[in-house]
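The structure appears right after this line, and notes come after that.
Order of the sequence lines fixes the chain letters, A, B, ..., with proteins taken first and strands second; residue numbering starts at 1 for each chain.
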There are 2 protein chains.
Amino acid sequence: MSLRYALIALLTGRPMTGYDISKSFSSSVAHVWHAPDSQIYPELNRMERDGLLDAVEVPWGKKGTKKEYHVTDAGLADFRRWMESPLKPQRQRDPAYLKAAYYDFADPEAVREQLRRQQTYWEEHLAMLERTRATLLDRTHPTLAARLTKLDEREAELAVRYKIYAYDGLIARARTELAWIEDGFALVDELHDS
Amino acid sequence: MSLRYALIALLTGRPMTGYDISKSFSSSVAHVWHAPDSQIYPELNRMERDGLLDAVEVPWGKKGTKKEYHVTDAGLADFRRWMESPLKPQRQRDPAYLKAAYYDFADPEAVREQLRRQQTYWEEHLAMLERTRATLLDRTHPTLAARLTKLDEREAELAVRYKIYAYDGLIARARTELAWIEDGFALVDELHDS
DNA sequence: CGGCTCATGTAACCAGTTACATGATTAG
DNA sequence: CTAATCATGTAACTGGTTACATGAGCCG
(Lines give C-alpha, C1' and ligand atoms only; values in the text may rest on other atoms or scores of the structure.)
Protein backbone atom coordinates (compact mmCIF):
# COMPACT_ATOMS: atom_id res chain seq x y z
CA MET A 1 0.00 0.00 0.00
CA SER A 2 2.89 2.37 0.60
CA LEU A 3 3.58 2.61 -3.11
CA ARG A 4 0.41 4.56 -3.64
CA TYR A 5 1.39 7.05 -0.97
CA ALA A 6 4.87 7.37 -2.39
CA LEU A 7 3.17 8.26 -5.68
CA ILE A 8 0.84 10.80 -4.12
CA ALA A 9 3.81 12.30 -2.28
CA LEU A 10 5.64 12.70 -5.55
CA LEU A 11 2.60 14.16 -7.34
CA THR A 12 2.04 16.80 -4.67
CA GLY A 13 5.11 18.46 -6.18
CA ARG A 14 3.60 18.80 -9.63
CA PRO A 15 1.31 16.83 -11.95
CA MET A 16 3.19 14.28 -13.99
CA THR A 17 2.77 11.53 -16.54
CA GLY A 18 3.59 7.95 -15.68
CA TYR A 19 6.78 8.36 -17.60
CA ASP A 20 7.83 11.50 -15.70
CA ILE A 21 7.10 9.65 -12.50
CA SER A 22 9.07 6.59 -13.38
CA LYS A 23 12.02 8.83 -14.26
CA SER A 24 11.97 11.17 -11.28
CA PHE A 25 11.01 8.37 -8.92
CA SER A 26 14.52 7.00 -8.90
CA SER A 27 16.06 10.30 -7.81
CA SER A 28 13.63 11.07 -5.02
CA VAL A 29 11.00 8.87 -3.38
CA ALA A 30 12.80 5.74 -4.54
CA HIS A 31 15.42 6.49 -1.88
CA VAL A 32 12.78 5.53 0.63
CA TRP A 33 10.50 3.41 -1.52
CA HIS A 34 11.79 1.69 -4.61
CA ALA A 35 9.39 0.52 -7.33
CA PRO A 36 9.84 -0.54 -10.97
CA ASP A 37 7.87 0.92 -13.93
CA SER A 38 5.87 -2.25 -14.22
CA GLN A 39 4.43 -1.58 -10.81
CA ILE A 40 3.94 2.15 -11.26
CA TYR A 41 1.70 2.21 -14.32
CA PRO A 42 -0.89 -0.28 -13.08
CA GLU A 43 -0.91 1.41 -9.66
CA LEU A 44 -1.59 4.79 -11.26
CA ASN A 45 -4.55 3.25 -13.08
CA ARG A 46 -5.91 1.77 -9.87
CA MET A 47 -5.47 5.08 -8.09
CA GLU A 48 -7.36 6.86 -10.85
CA ARG A 49 -10.11 4.26 -10.62
CA ASP A 50 -10.23 4.83 -6.83
CA GLY A 51 -10.54 8.56 -7.31
CA LEU A 52 -7.22 9.49 -5.74
CA LEU A 53 -5.88 10.86 -8.99
CA ASP A 54 -7.34 12.67 -11.97
CA ALA A 55 -5.84 11.74 -15.30
CA VAL A 56 -5.83 14.65 -17.73
CA GLU A 57 -5.22 13.73 -21.36
CA VAL A 58 -2.57 16.04 -22.74
CA PRO A 59 -1.73 16.12 -26.46
CA TRP A 60 1.67 14.80 -27.35
CA GLY A 61 3.08 15.34 -30.85
CA LYS A 62 0.70 15.26 -33.82
CA LYS A 63 -1.87 12.76 -32.72
CA GLY A 64 -0.61 11.13 -29.55
CA THR A 65 -1.78 11.95 -26.04
CA LYS A 66 -0.33 11.28 -22.64
CA LYS A 67 -1.97 11.15 -19.27
CA GLU A 68 -0.99 13.72 -16.72
CA TYR A 69 -1.93 12.71 -13.23
CA HIS A 70 -3.17 15.23 -10.69
CA VAL A 71 -3.80 14.46 -7.03
CA THR A 72 -7.49 14.92 -6.19
CA ASP A 73 -8.82 16.26 -2.90
CA ALA A 74 -9.79 12.70 -2.04
CA GLY A 75 -6.25 11.61 -2.81
CA LEU A 76 -4.77 14.26 -0.56
CA ALA A 77 -7.21 13.39 2.22
CA ASP A 78 -6.29 9.74 1.89
CA PHE A 79 -2.61 10.65 1.99
CA ARG A 80 -3.06 12.66 5.18
CA ARG A 81 -5.07 9.83 6.73
CA TRP A 82 -2.24 7.44 5.94
CA MET A 83 0.34 9.91 7.27
CA GLU A 84 -1.43 10.01 10.60
CA SER A 85 -2.22 6.30 10.85
CA PRO A 86 0.12 4.17 12.94
CA LEU A 87 2.84 2.22 11.18
CA LYS A 88 2.69 -1.47 11.70
CA PRO A 89 6.04 -2.55 13.11
CA GLN A 90 8.27 -3.65 10.30
CA ARG A 91 9.36 -7.27 10.32
CA GLN A 92 13.06 -7.78 10.24
CA ARG A 93 14.08 -9.41 7.03
CA ASP A 94 17.63 -8.73 6.03
CA PRO A 95 19.71 -11.40 4.33
CA ALA A 96 22.96 -9.58 5.19
CA TYR A 97 22.39 -10.14 8.91
CA LEU A 98 21.20 -13.69 8.39
CA LYS A 99 24.43 -14.44 6.56
CA ALA A 100 26.57 -12.65 9.11
CA ALA A 101 25.19 -14.79 11.93
CA TYR A 102 26.42 -17.87 10.06
CA TYR A 103 29.69 -16.64 8.55
CA ASP A 104 31.39 -19.58 10.27
CA PHE A 105 29.91 -21.75 7.49
CA ALA A 106 31.70 -19.79 4.80
CA ASP A 107 35.29 -19.51 3.74
CA PRO A 108 37.00 -16.45 5.33
CA GLU A 109 38.03 -15.16 1.95
CA ALA A 110 34.43 -15.43 0.74
CA VAL A 111 33.34 -13.50 3.83
CA ARG A 112 35.84 -10.76 3.07
CA GLU A 113 34.56 -10.61 -0.48
CA GLN A 114 30.97 -10.26 0.80
CA LEU A 115 32.03 -7.49 3.12
CA ARG A 116 33.87 -5.67 0.34
CA ARG A 117 30.80 -5.77 -1.89
CA GLN A 118 28.54 -4.49 0.84
CA GLN A 119 31.04 -1.80 1.67
CA THR A 120 31.09 -0.62 -1.94
CA TYR A 121 27.32 -0.65 -2.11
CA TRP A 122 26.87 1.34 1.09
CA GLU A 123 29.63 3.81 0.25
CA GLU A 124 27.98 4.59 -3.07
CA HIS A 125 24.59 4.73 -1.46
CA LEU A 126 25.87 7.09 1.22
CA ALA A 127 27.52 9.36 -1.34
CA MET A 128 24.25 9.52 -3.28
CA LEU A 129 22.29 10.35 -0.13
CA GLU A 130 24.71 13.12 0.76
CA ARG A 131 24.54 14.60 -2.72
CA THR A 132 20.76 14.53 -2.57
CA ARG A 133 20.74 16.06 0.91
CA ALA A 134 22.85 18.95 -0.41
CA THR A 135 20.35 19.65 -3.20
CA LEU A 136 17.54 19.69 -0.64
CA LEU A 137 19.44 22.11 1.54
CA ASP A 138 20.07 24.57 -1.27
CA ARG A 139 16.59 23.86 -2.68
CA THR A 140 17.81 22.88 -6.12
CA HIS A 141 16.35 19.37 -5.95
CA PRO A 142 13.92 19.36 -8.92
CA THR A 143 10.97 17.62 -7.27
CA LEU A 144 11.28 19.69 -4.13
CA ALA A 145 11.79 22.92 -6.07
CA ALA A 146 8.58 22.26 -8.02
CA ARG A 147 6.65 21.86 -4.81
CA LEU A 148 8.15 24.91 -3.14
CA THR A 149 6.78 27.25 -5.80
CA LYS A 150 3.31 26.50 -4.43
CA LEU A 151 4.19 27.16 -0.80
CA ASP A 152 4.83 30.20 1.33
CA GLU A 153 8.13 30.52 3.17
CA ARG A 154 6.83 29.02 6.41
CA GLU A 155 5.44 25.95 4.61
CA ALA A 156 8.56 25.67 2.50
CA GLU A 157 10.68 25.63 5.61
CA LEU A 158 8.69 22.69 6.99
CA ALA A 159 8.82 20.75 3.73
CA VAL A 160 12.56 21.21 3.42
CA ARG A 161 13.41 20.48 7.03
CA TYR A 162 11.42 17.24 7.14
CA LYS A 163 12.94 16.03 3.92
CA ILE A 164 16.40 16.72 5.27
CA TYR A 165 15.40 14.96 8.46
CA ALA A 166 14.46 11.85 6.46
CA TYR A 167 17.76 11.94 4.60
CA ASP A 168 19.67 12.43 7.83
CA GLY A 169 18.08 9.20 9.05
CA LEU A 170 19.05 7.37 5.89
CA ILE A 171 22.57 8.75 6.11
CA ALA A 172 22.91 7.69 9.74
CA ARG A 173 21.71 4.25 8.79
CA ALA A 174 24.23 3.97 5.98
CA ARG A 175 27.04 5.06 8.30
CA THR A 176 25.94 2.48 10.86
CA GLU A 177 26.05 -0.22 8.20
CA LEU A 178 29.53 0.88 7.15
CA ALA A 179 30.80 0.84 10.73
CA TRP A 180 29.37 -2.66 11.14
CA ILE A 181 31.10 -3.79 7.97
CA GLU A 182 34.39 -2.38 9.29
CA ASP A 183 33.92 -4.40 12.45
CA GLY A 184 33.29 -7.41 10.22
CA PHE A 185 36.68 -7.06 8.55
CA ALA A 186 38.36 -6.78 11.94
CA LEU A 187 36.53 -9.82 13.23
CA VAL A 188 37.41 -12.02 10.27
CA ASP A 189 41.06 -11.01 10.64
CA GLU A 190 41.00 -11.74 14.34
CA LEU A 191 39.31 -15.14 14.02
CA HIS A 192 41.19 -16.47 11.03
CA ASP A 193 44.90 -16.15 11.83
CA SER A 194 45.56 -13.29 9.32
CA MET B 1 14.56 -17.61 -1.07
CA SER B 2 16.19 -16.52 2.18
CA LEU B 3 13.52 -18.27 4.21
CA ARG B 4 14.88 -21.62 3.18
CA TYR B 5 18.37 -20.66 4.30
CA ALA B 6 17.06 -19.32 7.59
CA LEU B 7 15.46 -22.75 8.08
CA ILE B 8 18.63 -24.66 7.22
CA ALA B 9 20.56 -22.37 9.56
CA LEU B 10 18.18 -23.20 12.36
CA LEU B 11 18.24 -26.93 11.63
CA THR B 12 22.04 -27.09 11.70
CA GLY B 13 21.65 -26.71 15.45
CA ARG B 14 19.53 -29.82 15.84
CA PRO B 15 16.85 -31.71 13.93
CA MET B 16 13.36 -30.37 14.63
CA THR B 17 9.73 -30.74 13.71
CA GLY B 18 7.86 -27.97 11.97
CA TYR B 19 6.29 -27.12 15.27
CA ASP B 20 9.64 -26.88 17.08
CA ILE B 21 10.84 -24.67 14.30
CA SER B 22 7.88 -22.37 14.34
CA LYS B 23 8.36 -21.98 18.13
CA SER B 24 12.09 -21.47 18.28
CA PHE B 25 12.08 -19.42 15.10
CA SER B 26 10.72 -16.40 16.90
CA SER B 27 13.52 -16.37 19.48
CA SER B 28 16.40 -16.78 17.07
CA VAL B 29 16.48 -16.54 13.29
CA ALA B 30 13.31 -14.47 13.26
CA HIS B 31 15.40 -11.59 14.61
CA VAL B 32 16.96 -11.46 11.19
CA TRP B 33 14.28 -13.15 9.12
CA HIS B 34 10.69 -13.21 10.28
CA ALA B 35 8.25 -15.79 8.89
CA PRO B 36 4.81 -17.02 10.00
CA ASP B 37 3.88 -20.71 10.47
CA SER B 38 1.83 -20.66 7.35
CA GLN B 39 4.97 -20.01 5.36
CA ILE B 40 7.20 -22.40 7.27
CA TYR B 41 5.31 -25.67 6.82
CA PRO B 42 4.92 -25.46 3.05
CA GLU B 43 8.53 -24.36 2.69
CA LEU B 44 9.72 -27.37 4.70
CA ASN B 45 7.77 -29.60 2.35
CA ARG B 46 9.31 -27.99 -0.68
CA MET B 47 12.77 -28.30 0.82
CA GLU B 48 12.20 -31.98 1.48
CA ARG B 49 11.03 -32.42 -2.10
CA ASP B 50 14.18 -30.61 -3.28
CA GLY B 51 16.37 -32.93 -1.22
CA LEU B 52 17.67 -30.27 1.16
CA LEU B 53 16.01 -31.89 4.14
CA ASP B 54 15.23 -35.43 5.21
CA ALA B 55 11.95 -35.87 7.05
CA VAL B 56 12.10 -38.66 9.61
CA GLU B 57 8.74 -39.85 10.90
CA VAL B 58 8.88 -40.00 14.68
CA PRO B 59 6.09 -41.58 16.74
CA TRP B 60 4.14 -39.16 18.84
CA GLY B 61 1.71 -40.40 21.49
CA LYS B 62 -0.22 -43.68 20.86
CA LYS B 63 -0.75 -43.53 17.14
CA GLY B 64 0.34 -40.09 15.92
CA THR B 65 3.61 -39.32 14.20
CA LYS B 66 5.48 -36.13 13.62
CA LYS B 67 8.10 -35.25 11.05
CA GLU B 68 11.56 -34.40 12.26
CA TYR B 69 13.59 -32.56 9.69
CA HIS B 70 17.30 -33.18 9.24
CA VAL B 71 19.55 -31.15 6.98
CA THR B 72 20.99 -33.35 4.22
CA ASP B 73 24.49 -33.03 2.76
CA ALA B 74 22.89 -31.47 -0.28
CA GLY B 75 21.11 -29.02 2.01
CA LEU B 76 24.31 -28.06 3.72
CA ALA B 77 26.12 -27.69 0.41
CA ASP B 78 23.32 -25.48 -0.85
CA PHE B 79 23.50 -23.40 2.31
CA ARG B 80 27.24 -22.89 1.92
CA ARG B 81 26.77 -21.97 -1.72
CA TRP B 82 24.21 -19.37 -0.71
CA MET B 83 26.47 -18.11 2.08
CA GLU B 84 29.22 -17.44 -0.42
CA SER B 85 27.06 -16.04 -3.19
CA PRO B 86 26.85 -12.26 -3.50
CA LEU B 87 23.88 -10.49 -1.96
CA LYS B 88 21.82 -8.50 -4.36
CA PRO B 89 21.65 -4.94 -3.07
CA GLN B 90 18.52 -4.51 -1.01
CA ARG B 91 15.98 -2.03 -2.28
CA GLN B 92 15.05 0.64 0.18
CA ARG B 93 11.46 0.26 1.24
CA ASP B 94 10.71 1.72 4.59
CA PRO B 95 7.40 3.44 5.26
CA ALA B 96 8.79 5.20 8.36
CA TYR B 97 11.23 7.18 6.21
CA LEU B 98 8.64 7.83 3.54
CA LYS B 99 6.36 9.32 6.16
CA ALA B 100 9.13 11.31 7.80
CA ALA B 101 9.95 13.01 4.50
CA TYR B 102 6.37 14.29 4.37
CA TYR B 103 5.63 15.02 8.02
CA ASP B 104 4.70 18.53 6.95
CA PHE B 105 1.42 17.03 5.69
CA ALA B 106 0.50 15.74 9.12
CA ASP B 107 -0.59 17.38 12.31
CA PRO B 108 2.36 17.96 14.68
CA GLU B 109 0.61 16.07 17.45
CA ALA B 110 0.05 13.13 15.12
CA VAL B 111 3.73 13.23 14.26
CA ARG B 112 4.68 13.12 17.93
CA GLU B 113 2.35 10.18 18.40
CA GLN B 114 4.01 8.36 15.49
CA LEU B 115 7.41 9.04 16.96
CA ARG B 116 6.35 7.79 20.39
CA ARG B 117 5.07 4.54 18.93
CA GLN B 118 8.24 3.96 16.96
CA GLN B 119 10.27 4.80 20.01
CA THR B 120 8.43 2.21 22.09
CA TYR B 121 8.80 -0.38 19.37
CA TRP B 122 12.54 0.17 18.97
CA GLU B 123 13.18 0.35 22.69
CA GLU B 124 11.51 -3.01 23.19
CA HIS B 125 13.25 -4.43 20.19
CA LEU B 126 16.59 -3.19 21.46
CA ALA B 127 16.01 -4.65 24.92
CA MET B 128 15.15 -8.00 23.35
CA LEU B 129 18.28 -7.92 21.20
CA GLU B 130 20.44 -7.13 24.20
CA ARG B 131 18.91 -9.95 26.23
CA THR B 132 19.50 -12.34 23.37
CA ARG B 133 23.05 -11.11 22.91
CA ALA B 134 23.75 -11.86 26.58
CA THR B 135 22.49 -15.45 26.19
CA LEU B 136 24.78 -15.88 23.20
CA LEU B 137 27.74 -14.56 25.13
CA ASP B 138 27.23 -16.93 28.06
CA ARG B 139 26.22 -19.69 25.64
CA THR B 140 22.85 -20.35 27.25
CA HIS B 141 20.86 -19.53 24.14
CA PRO B 142 19.01 -22.81 23.46
CA THR B 143 19.47 -23.02 19.70
CA LEU B 144 23.11 -22.02 19.92
CA ALA B 145 23.76 -24.36 22.85
CA ALA B 146 22.34 -27.28 20.85
CA ARG B 147 24.68 -26.54 18.01
CA LEU B 148 27.74 -26.08 20.21
CA THR B 149 27.55 -29.65 21.53
CA LYS B 150 28.53 -30.79 18.05
CA LEU B 151 31.51 -28.48 17.70
CA ASP B 152 35.02 -28.34 19.11
CA GLU B 153 36.13 -25.25 21.01
CA ARG B 154 37.68 -23.56 18.02
CA GLU B 155 34.51 -24.00 15.91
CA ALA B 156 32.32 -22.99 18.84
CA GLU B 157 34.29 -19.78 19.20
CA LEU B 158 33.63 -18.92 15.56
CA ALA B 159 29.93 -19.74 15.78
CA VAL B 160 29.49 -17.64 18.91
CA ARG B 161 31.52 -14.68 17.77
CA TYR B 162 29.74 -14.36 14.41
CA LYS B 163 26.35 -14.60 16.05
CA ILE B 164 27.32 -11.86 18.47
CA TYR B 165 28.63 -9.86 15.54
CA ALA B 166 25.22 -10.12 13.83
CA TYR B 167 23.45 -9.01 17.01
CA ASP B 168 25.87 -6.14 17.46
CA GLY B 169 24.85 -4.97 14.02
CA LEU B 170 21.16 -5.22 14.86
CA ILE B 171 21.75 -3.40 18.15
CA ALA B 172 23.66 -0.62 16.42
CA ARG B 173 20.85 -0.30 13.95
CA ALA B 174 18.25 -0.08 16.70
CA ARG B 175 20.27 2.61 18.48
CA THR B 176 20.59 4.55 15.25
CA GLU B 177 16.82 4.43 14.81
CA LEU B 178 16.29 5.61 18.37
CA ALA B 179 18.71 8.50 17.93
CA TRP B 180 16.89 9.46 14.75
CA ILE B 181 13.56 9.38 16.57
CA GLU B 182 15.00 11.63 19.29
CA ASP B 183 16.04 14.08 16.60
CA GLY B 184 12.49 13.86 15.29
CA PHE B 185 11.01 15.00 18.58
CA ALA B 186 13.46 17.91 18.71
CA LEU B 187 12.62 18.89 15.15
CA VAL B 188 8.87 18.87 15.67
CA ASP B 189 9.31 21.01 18.76
CA GLU B 190 11.52 23.42 16.91
CA LEU B 191 9.27 23.75 13.87
CA HIS B 192 5.93 23.97 15.62
CA ASP B 193 6.26 26.76 18.14
CA SER B 194 5.99 24.53 21.27
C1' DC C 1 16.57 6.75 -41.80
C1' DG C 2 18.41 5.23 -37.47
C1' DG C 3 18.79 5.52 -32.79
C1' DC C 4 17.34 7.69 -28.53
C1' DT C 5 13.77 9.21 -25.56
C1' DC C 6 8.92 9.37 -24.44
C1' DA C 7 5.03 6.73 -23.52
C1' DT C 8 2.49 2.74 -21.55
C1' DG C 9 1.99 -1.21 -20.35
C1' DT C 10 1.13 -7.07 -19.90
C1' DA C 11 2.15 -11.76 -18.22
C1' DA C 12 3.99 -15.09 -15.46
C1' DC C 13 5.78 -15.80 -11.34
C1' DC C 14 7.29 -15.72 -6.45
C1' DA C 15 7.18 -14.35 -1.71
C1' DG C 16 4.70 -12.92 2.10
C1' DT C 17 0.18 -11.89 4.79
C1' DT C 18 -4.10 -12.94 6.96
C1' DA C 19 -7.45 -15.76 8.23
C1' DC C 20 -9.06 -20.00 8.90
C1' DA C 21 -9.20 -25.27 9.82
C1' DT C 22 -8.52 -29.43 12.29
C1' DG C 23 -7.27 -32.99 15.25
C1' DA C 24 -4.31 -35.49 18.66
C1' DT C 25 -1.96 -35.42 23.20
C1' DT C 26 -0.99 -34.19 27.77
C1' DA C 27 -1.39 -31.86 32.32
C1' DG C 28 -4.31 -30.62 35.96
C1' DC D 1 -13.25 -33.54 31.32
C1' DT D 2 -11.32 -29.44 29.86
C1' DA D 3 -7.88 -26.45 28.55
C1' DA D 4 -3.39 -25.81 26.90
C1' DT D 5 -0.04 -27.37 23.94
C1' DC D 6 1.61 -30.04 20.03
C1' DA D 7 1.08 -30.84 15.37
C1' DT D 8 0.22 -29.50 10.49
C1' DG D 9 -1.44 -27.22 7.41
C1' DT D 10 -4.87 -24.72 3.27
C1' DA D 11 -6.93 -20.77 0.76
C1' DA D 12 -7.42 -16.37 -0.81
C1' DC D 13 -5.11 -12.41 -1.43
C1' DT D 14 -1.61 -8.59 -1.87
C1' DG D 15 2.49 -6.82 -3.19
C1' DG D 16 6.71 -7.10 -5.65
C1' DT D 17 9.98 -9.09 -9.40
C1' DT D 18 11.47 -10.25 -13.97
C1' DA D 19 11.04 -10.35 -18.46
C1' DC D 20 8.93 -8.99 -22.32
C1' DA D 21 6.14 -5.96 -25.79
C1' DT D 22 5.12 -2.09 -28.63
C1' DG D 23 4.77 2.15 -30.86
C1' DA D 24 5.01 7.23 -31.50
C1' DG D 25 7.95 11.38 -31.60
C1' DC D 26 12.30 13.90 -32.00
C1' DC D 27 17.13 14.92 -33.34
C1' DG D 28 20.84 14.74 -36.34
Side-chain angles (χ1 to χ4, degrees), chain A residues 1-8 11 14-27 29-30 32-50 53 55-69 82 87-95 98, chain B residues 1-7 11 15-27 29-30 32-50 53 55-69 82 87-95 98:
Chain A
M1 266 302 88
S2 291
L3 173 58
R4 82 172 27 190
Y5 300 110
L7 292 170
I8 294 179
L11 287 169
R14 60 182 180 85
M16 285 190 234
T17 66
Y19 185 80
D20 291 336
I21 290 171
S22 72
K23 291 304 123 178
S24 58
F25 207 75
S26 54
S27 65
V29 230
V32 288
W33 199 273
H34 165 86
D37 293 13
S38 64
Q39 213 188 342
I40 292 174
Y41 285 104
E43 185 62 25
L44 289 170
N45 284 324
R46 278 190 294 270
M47 290 168 76
E48 188 193 351
R49 184 202 61 202
D50 295 347
L53 301 179
V56 177
E57 295 275 342
V58 171
W60 179 64
K62 311 283 182 198
K63 19 176 199 171
T65 58
K66 54 184 181 177
K67 283 199 278 184
E68 198 177 55
Y69 291 99
W82 174 76
L87 283 168
K88 52 188 66 170
Q90 55 262 60
R91 329 291 199 146
Q92 287 297 338
R93 212 171 265 134
D94 191 331
L98 175 55
Chain B
M1 265 302 88
S2 292
L3 173 58
R4 83 171 26 191
Y5 300 109
L7 291 170
L11 288 169
M16 287 190 232
T17 65
Y19 186 78
D20 292 336
I21 290 170
S22 72
K23 293 303 123 178
S24 58
F25 207 75
S26 54
S27 65
V29 230
V32 288
W33 199 272
H34 165 86
D37 293 12
S38 65
Q39 213 189 342
I40 291 174
Y41 285 104
E43 184 62 25
L44 288 170
N45 284 324
R46 277 190 294 270
M47 289 166 76
E48 189 193 350
R49 186 202 59 200
D50 296 347
L53 302 179
V56 178
E57 294 275 342
V58 171
W60 179 61
K62 312 283 182 199
K63 22 178 195 165
T65 57
K66 54 184 180 178
K67 282 199 278 183
E68 197 176 57
Y69 291 100
W82 176 75
L87 284 166
K88 52 189 68 171
Q90 55 262 62
R91 328 290 197 147
Q92 287 298 337
R93 210 171 267 135
D94 192 331
L98 175 55

Q.
Judged by each residue's nearest nucleotide on DNA chain D, which is more toward the 5′ side, B:Tyr69 or A:Pro36?
A. B:Tyr69
Q) What is the minimum heavy-atom distance between A:Leu7 and A:Glu43, and which atoms define it? A) CD1-CG, 3.7 Å
Q) What are the two closest heavy atoms between A:Ser2 and A:Trp82, and how far apart are they? A) OG-CZ2, 4.0 Å
Q) For the atom pair CG (B:Leu98) and CZ (B:Arg93), what is the distance rounded to the nearest 0.5 Å? A) 11.5 Å
Q | Between P of C:dT18 and NE2 of B:His34, the distance in whole Å | A | 8 Å
Q: Report yes if a side-chain nitrogen or oxygen of A:Arg93 is closer than 4.0 Å to either non-bridging phosphate oxygen (OP1 or OP2) of C:dT17; otherwise report no.
A: yes
Q) Can you pull the side chain to side chain donor-acceptor pair (under 3.5 Å) pairs that have at least one residue in residues 32-41 of chain A, sequence neighbours excluded? A) A:His34-B:Arg91
Q | Of residues 15-23 of chain A, the positions that come close to DNA chain C - non-hydrogen atoms, cut-off under 4.0 Å | A | A:Thr17, A:Gly18, A:Tyr19, A:Asp20
Q.
Quick check: on DNA chain C, is the nucleotide nearest B:Glu43 upstream (toward 5') of the one nearest A:Arg91, or the reverse? Name the residue that is more 5'.
A. B:Glu43
Q) Within this structure, what is the CD-to-C1' distance between A:Gln39 and C:dC13, rounded to whole angstrom? A) 14 Å
Q. Tell me: CG of A:Asp37 to P of C:dC6, nearest whole Å?
A. 12 Å
(Q) Nearest 0.5 angstrom please: B:Ile40 CD1 to B:Tyr19 OH, how far? (A) 12.0 Å
Q: Under the side chain to side chain contact (heavy atoms under 4.5 Å, CB included) rule, collect the residues that match up with A:Lys67, sequence neighbours excluded.
A: A:Asn45, A:Glu48, A:Ala55, A:Glu57, A:Tyr69
Q) Which nucleotide of DNA chain D is the first, and which the last, in the 5' to 3' direction, to come under 4.0 Å of a heavy atom belonging to chain A? A) D:dG15 to D:dG25
Q: First locate atom CG of A:Leu11, then atom CG of A:Leu44, and finally report the distance between them rounded to the nearest 0.5 Å.
A: 7.0 Å
Q | Straight-line distance of A:Ile21 CD1 to A:Met16 CE, nearest 0.5 Å | A | 6.0 Å
Q | Spacing between A:Lys66 atom NZ and C:dT5 atom C1', to the nearest angstrom | A | 12 Å
Q | Whole-Å gap separating P (C:dA7) and CH2 (A:Trp60) | A | 6 Å
Q. Can you give the dot-bracket line for DNA chain C, using ( ) for pairs inside the strand, [ ] for pairs that cross earlier ones, | for pairs with another strand and . for unpaired bases, where Watson-Crick and G-U count if both distances are under 3.5 Å?
A. ||||||||||||||||||||||||||||
**Q.** Euclidean distance, B:Trp60 CH2 relative to B:Glu68 CD, rounded to 0.5 Å
**A.** 14.0 Å
Q: Please list, chain by chain and in numerical order, all residues satisfying side chain to side chain donor-acceptor pair (under 3.5 Å) with B:Ser24, sequence neighbours excluded.
A: none
Q) Rounded to whole angstroms, how far apart are NZ on B:Lys88 and C1' on C:dA15? A) 12 Å
Q) Any side-chain heavy atom of A:Gln92 within less than 4.5 Å of one from B:Val32? A) no
